[in-house]
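Taking it in order: structure first as C-alpha coordinates, then the write-up.
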Amino acid sequence: DARVTQTPRHKVTEMGQEVTMRCQPILGHNTVFWYRQTMMQGLELLAYFRNRAPLDDSGMPKDRFSAEMPDATLATLKIQPSEPRDSAVYFCASGLDEAHYEQYFGPGTRLTVT
Amino acid sequence: GQSLEQPSEVTAVEGAIVQINCTYQTSGFYGLSWYQQHDGGAPTFLSYNALDGLEETGRFSSFLSRSDSYGYLLLQELQMKDSASYFCVLRTGANNLFFGTGTRLTVIP
(Lines give C-alpha, C1' and ligand atoms only; values in the text may rest on other atoms or scores of the structure.)
Protein backbone atom coordinates (compact mmCIF):
# COMPACT_ATOMS: atom_id res chain seq x y z
CA ASP A 1 0.00 0.00 0.00
CA ALA A 2 1.99 2.98 -1.30
CA ARG A 3 1.66 6.12 0.77
CA VAL A 4 3.27 9.50 1.19
CA THR A 5 4.99 9.70 4.56
CA GLN A 6 5.81 12.83 6.51
CA THR A 7 7.88 13.46 9.59
CA PRO A 8 7.45 14.72 12.18
CA ARG A 9 3.68 14.42 12.60
CA HIS A 10 3.66 17.09 15.28
CA LYS A 11 6.15 19.81 16.08
CA VAL A 12 6.04 22.44 18.80
CA THR A 13 8.80 25.00 18.74
CA GLU A 14 9.61 28.46 19.95
CA MET A 15 9.65 31.52 17.76
CA GLY A 16 13.00 31.99 16.07
CA GLN A 17 13.88 28.31 15.93
CA GLU A 18 14.55 26.42 12.72
CA VAL A 19 11.98 23.83 11.65
CA THR A 20 12.59 21.10 9.09
CA MET A 21 9.77 18.95 7.76
CA ARG A 22 10.41 15.86 5.67
CA CYS A 23 8.40 14.02 3.09
CA GLN A 24 8.88 10.74 1.28
CA PRO A 25 6.78 10.69 -1.89
CA ILE A 26 5.28 7.55 -3.35
CA LEU A 27 7.91 5.59 -5.25
CA GLY A 28 7.69 6.36 -8.94
CA HIS A 29 5.85 9.65 -8.54
CA ASN A 30 7.68 12.50 -10.25
CA THR A 31 5.80 15.50 -8.85
CA VAL A 32 5.91 16.70 -5.25
CA PHE A 33 3.89 19.49 -3.70
CA TRP A 34 4.03 21.30 -0.37
CA TYR A 35 0.81 22.81 0.99
CA ARG A 36 -0.07 24.73 4.12
CA GLN A 37 -3.52 24.56 5.67
CA THR A 38 -4.96 27.00 8.21
CA MET A 39 -8.49 27.78 9.24
CA MET A 40 -8.21 31.30 7.90
CA GLN A 41 -6.48 30.70 4.57
CA GLY A 42 -7.51 27.18 3.76
CA LEU A 43 -5.16 25.02 1.70
CA GLU A 44 -2.40 26.98 -0.03
CA LEU A 45 0.24 25.69 -2.42
CA LEU A 46 3.72 26.62 -1.22
CA ALA A 47 6.02 24.83 -3.66
CA TYR A 48 5.99 22.32 -6.47
CA PHE A 49 8.71 20.02 -7.85
CA ARG A 50 8.83 17.95 -10.99
CA ASN A 51 11.58 15.40 -11.37
CA ARG A 52 13.22 17.00 -8.31
CA ALA A 53 13.45 20.41 -9.97
CA PRO A 54 11.58 23.29 -8.32
CA LEU A 55 8.99 24.62 -10.76
CA ASP A 56 6.90 26.92 -8.65
CA ASP A 57 7.55 28.32 -5.21
CA SER A 58 5.65 31.56 -5.65
CA GLY A 59 3.36 30.72 -2.73
CA MET A 60 6.24 30.49 -0.32
CA PRO A 61 7.61 33.37 1.78
CA LYS A 62 11.12 33.44 0.37
CA ASP A 63 12.80 35.17 3.26
CA ARG A 64 12.23 32.35 5.72
CA PHE A 65 11.01 29.30 3.82
CA SER A 66 13.02 26.97 1.62
CA ALA A 67 12.09 23.73 -0.12
CA GLU A 68 14.44 21.16 -1.60
CA MET A 69 14.52 17.64 -3.00
CA PRO A 70 17.97 16.21 -2.24
CA ASP A 71 16.94 12.98 -3.96
CA ALA A 72 13.87 11.35 -5.45
CA THR A 73 12.83 9.83 -2.13
CA LEU A 74 13.08 12.93 0.05
CA ALA A 75 11.59 16.40 -0.02
CA THR A 76 12.22 18.93 2.72
CA LEU A 77 10.55 22.14 3.79
CA LYS A 78 12.51 24.36 6.11
CA ILE A 79 11.46 27.45 8.04
CA GLN A 80 14.18 29.64 9.51
CA PRO A 81 13.43 31.54 11.65
CA SER A 82 9.96 30.32 12.54
CA GLU A 83 7.20 32.72 13.63
CA PRO A 84 3.86 32.15 15.39
CA ARG A 85 2.00 32.91 12.14
CA ASP A 86 3.66 29.83 10.62
CA SER A 87 1.53 27.61 12.86
CA ALA A 88 -0.44 25.39 10.51
CA VAL A 89 -0.66 21.89 9.12
CA TYR A 90 1.86 21.32 6.35
CA PHE A 91 0.99 18.68 3.79
CA CYS A 92 3.20 17.05 1.26
CA ALA A 93 1.58 15.45 -1.79
CA SER A 94 2.95 13.51 -4.72
CA GLY A 95 1.66 12.49 -8.10
CA LEU A 96 2.43 11.68 -11.69
CA ASP A 97 3.02 14.58 -14.00
CA GLU A 98 0.59 13.36 -16.61
CA ALA A 99 -2.21 13.15 -14.04
CA HIS A 100 -1.17 15.70 -11.49
CA TYR A 101 -4.79 16.70 -10.79
CA GLU A 102 -4.82 13.50 -8.73
CA GLN A 103 -2.45 14.12 -5.88
CA TYR A 104 -1.75 11.78 -2.98
CA PHE A 105 -1.42 13.60 0.29
CA GLY A 106 0.67 12.65 3.28
CA PRO A 107 -0.74 12.77 6.81
CA GLY A 108 0.66 16.25 7.42
CA THR A 109 2.90 17.88 9.98
CA ARG A 110 1.05 19.95 12.58
CA LEU A 111 3.37 22.82 13.46
CA THR A 112 2.86 25.05 16.47
CA VAL A 113 5.18 27.99 16.96
CA THR A 114 4.94 29.66 20.35
CA GLY B 1 -6.39 35.39 -10.87
CA GLN B 2 -8.91 32.78 -9.98
CA SER B 3 -11.73 32.29 -7.52
CA LEU B 4 -13.92 29.46 -6.35
CA GLU B 5 -17.22 29.59 -4.52
CA GLN B 6 -18.81 26.73 -2.68
CA PRO B 7 -21.17 26.64 0.31
CA SER B 8 -19.41 26.61 3.64
CA GLU B 9 -21.74 24.07 5.26
CA VAL B 10 -24.30 21.49 4.19
CA THR B 11 -26.33 19.11 6.34
CA ALA B 12 -28.07 16.03 4.99
CA VAL B 13 -29.78 12.92 6.28
CA GLU B 14 -28.25 9.48 6.17
CA GLY B 15 -29.40 7.61 3.08
CA ALA B 16 -30.28 10.78 1.21
CA ILE B 17 -28.64 12.50 -1.76
CA VAL B 18 -26.70 15.74 -1.46
CA GLN B 19 -25.27 18.06 -4.08
CA ILE B 20 -22.38 20.42 -3.39
CA ASN B 21 -22.11 23.21 -5.93
CA CYS B 22 -19.00 25.03 -7.05
CA THR B 23 -18.69 28.06 -9.29
CA TYR B 24 -15.41 29.40 -10.49
CA GLN B 25 -13.71 32.25 -12.27
CA THR B 26 -10.39 31.82 -13.98
CA SER B 27 -8.50 33.01 -16.98
CA GLY B 28 -7.10 29.56 -17.70
CA PHE B 29 -9.04 26.35 -17.22
CA TYR B 30 -7.80 22.80 -17.41
CA GLY B 31 -10.28 21.03 -15.17
CA LEU B 32 -12.10 20.74 -11.86
CA SER B 33 -11.27 18.21 -9.17
CA TRP B 34 -12.95 17.24 -5.93
CA TYR B 35 -11.18 16.19 -2.76
CA GLN B 36 -12.52 14.89 0.54
CA GLN B 37 -10.94 15.64 3.91
CA HIS B 38 -12.00 14.20 7.24
CA ASP B 39 -11.23 16.15 10.41
CA GLY B 40 -7.59 15.67 11.29
CA GLY B 41 -6.94 13.81 8.06
CA ALA B 42 -5.38 14.50 4.70
CA PRO B 43 -7.25 15.47 1.53
CA THR B 44 -8.03 12.49 -0.69
CA PHE B 45 -8.84 12.66 -4.37
CA LEU B 46 -12.41 11.90 -5.41
CA SER B 47 -12.88 12.88 -9.04
CA TYR B 48 -11.79 15.07 -11.94
CA ASN B 49 -13.68 16.67 -14.82
CA ALA B 50 -11.88 18.20 -17.77
CA LEU B 51 -14.83 18.03 -20.15
CA ASP B 52 -18.51 18.84 -19.76
CA GLY B 53 -20.71 16.15 -18.34
CA LEU B 54 -21.01 13.70 -15.53
CA GLU B 55 -18.31 11.43 -14.11
CA GLU B 56 -19.49 8.63 -11.86
CA THR B 57 -17.44 6.74 -9.29
CA GLY B 58 -19.55 4.53 -7.10
CA ARG B 59 -21.79 6.63 -4.86
CA PHE B 60 -20.04 9.83 -5.95
CA SER B 61 -20.59 11.71 -9.19
CA SER B 62 -19.13 14.98 -10.40
CA PHE B 63 -20.51 17.28 -13.06
CA LEU B 64 -18.97 20.09 -15.05
CA SER B 65 -20.38 22.80 -17.29
CA ARG B 66 -17.56 24.89 -18.70
CA SER B 67 -19.92 27.36 -20.36
CA ASP B 68 -21.49 28.11 -16.96
CA SER B 69 -18.19 27.90 -15.02
CA TYR B 70 -19.99 25.53 -12.73
CA GLY B 71 -19.59 22.10 -11.30
CA TYR B 72 -21.05 19.96 -8.57
CA LEU B 73 -20.34 16.89 -6.53
CA LEU B 74 -23.24 14.52 -5.96
CA LEU B 75 -23.16 12.07 -3.09
CA GLN B 76 -25.79 9.34 -3.07
CA GLU B 77 -26.90 6.94 -0.34
CA LEU B 78 -25.23 9.10 2.25
CA GLN B 79 -23.44 7.36 5.08
CA MET B 80 -22.30 8.77 8.40
CA LYS B 81 -18.69 8.32 7.30
CA ASP B 82 -19.32 10.82 4.49
CA SER B 83 -19.27 13.61 7.08
CA ALA B 84 -16.19 15.55 6.01
CA SER B 85 -15.07 18.65 4.17
CA TYR B 86 -15.27 18.60 0.38
CA PHE B 87 -13.06 20.85 -1.71
CA CYS B 88 -13.53 21.79 -5.30
CA VAL B 89 -10.16 22.37 -6.87
CA LEU B 90 -9.46 24.37 -9.98
CA ARG B 91 -6.73 23.26 -12.33
CA THR B 92 -5.67 26.51 -13.94
CA GLY B 93 -2.63 25.29 -15.80
CA ALA B 94 -0.69 22.13 -16.44
CA ASN B 95 0.95 22.48 -13.06
CA ASN B 96 -1.39 24.65 -11.01
CA LEU B 97 -4.10 23.63 -8.57
CA PHE B 98 -6.18 26.15 -6.64
CA PHE B 99 -8.20 24.82 -3.72
CA GLY B 100 -11.55 26.28 -2.68
CA THR B 101 -12.33 26.92 0.96
CA GLY B 102 -14.31 23.71 1.29
CA THR B 103 -17.83 22.64 2.18
CA ARG B 104 -18.33 20.97 5.51
CA LEU B 105 -20.87 18.17 5.09
CA THR B 106 -22.61 16.85 8.18
CA VAL B 107 -24.62 13.68 7.80
CA ILE B 108 -27.27 13.21 10.46
CA PRO B 109 -29.15 10.01 11.34
Side-chain angles (χ1 to χ4, degrees), chain A residues 1-7 9-10 21 23-26 29-60 88-110 112, chain B residues 1-9 20 22 24 26-51 55 57-58 60 62-64 66 71 73 84-105:
Chain A
D1 184 23
R3 298 184 185 191
V4 175
T5 59
Q6 290 185 246
T7 56
R9 294 292 310 276
H10 301 272
M21 290 168 272
C23 166
Q24 181 171 10
I26 292 173
H29 282 187
N30 63 340
T31 57
V32 173
F33 305 81
W34 282 104
Y35 292 90
R36 174 171 63 185
Q37 187 172 37
T38 62
M39 289 295 293
M40 295 299 294
Q41 300 297 327
L43 203 60
E44 306 171 279
L45 178 67
L46 297 176
Y48 160 55
F49 292 80
R50 186 204 291 157
N51 296 325
R52 295 176 54 203
L55 289 193
D56 185 356
D57 60 2
S58 58
M60 203 163 64
V89 180
Y90 290 81
F91 288 104
C92 173
S94 71
L96 292 169
D97 192 35
E98 56 268 29
H100 92 286
Y101 53 82
E102 182 175 356
Q103 298 178 11
Y104 295 80
F105 282 73
T109 294
R110 182 173 295 276
T112 303
Chain B
Q2 56 273 323
S3 67
L4 283 163
E5 279 194 30
Q6 55 182 127
S8 58
E9 294 181 347
I20 300 174
C22 174
Y24 60 86
T26 180
S27 54
F29 180 83
Y30 277 57
L32 198 70
S33 298
W34 289 91
Y35 280 73
Q36 177 193 60
Q37 185 179 27
H38 287 98
D39 285 348
T44 56
F45 172 80
L46 292 177
S47 69
Y48 176 69
N49 295 71
L51 301 176
E55 293 283 340
T57 309
F60 294 4
S62 59
F63 172 82
L64 175 66
R66 288 173 296 170
L73 179 69
S85 291
Y86 292 85
F87 294 88
C88 69
V89 183
L90 196 57
R91 186 184 180 199
T92 59
N95 306 316
N96 297 325
L97 291 185
F98 178 75
F99 278 74
T101 52
T103 297
R104 188 174 185 85
L105 170 65

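Quick caveat, the model's predicted, so the values are computed rather than measured. Lettering of chains follows the sequences in order, A, B, ..., and the numbering in each one begins at 1.
- For B:E5, the CD atom sits in a loose shell: 12 or fewer heavy atoms of surrounding residues, nucleotides or ligands are nearer than 6.0 Å.
- Heavy atoms closer than 4.5 Å to chain B are found in the side chain of A:Q37, but not in its backbone.
- Contact annotation for A:Y35: only side-chain heavy atoms (C-beta onward) come within less than 4.5 Å of a heavy atom of chain B.
- A:R110 CZ: 12 or fewer foreign heavy atoms inside a 6.0 Å radius.
- With a threshold of 4.5 angstrom between heavy atoms, B:T101 does not approach chain A through any atom at all.
- Within 6.0 Å of atom OH in A:Y104, 12 or fewer heavy atoms from other residues, nucleotides or ligands are found, so the atom counts as exposed in its surroundings.
- Chain A forms the most heavy-atom pairs under 4.5 Å with one residue out of B:G100, B:A42, B:P43, B:S33, and that residue is B:P43.
- Proximity to chain A is absent for every atom of B:F98, based on heavy atoms less than 4.5 angstrom apart.
- Interatomic distance, CD of A:E102 versus OG1 of B:T44, reported as 10.5 Å (0.5 Å rounding).
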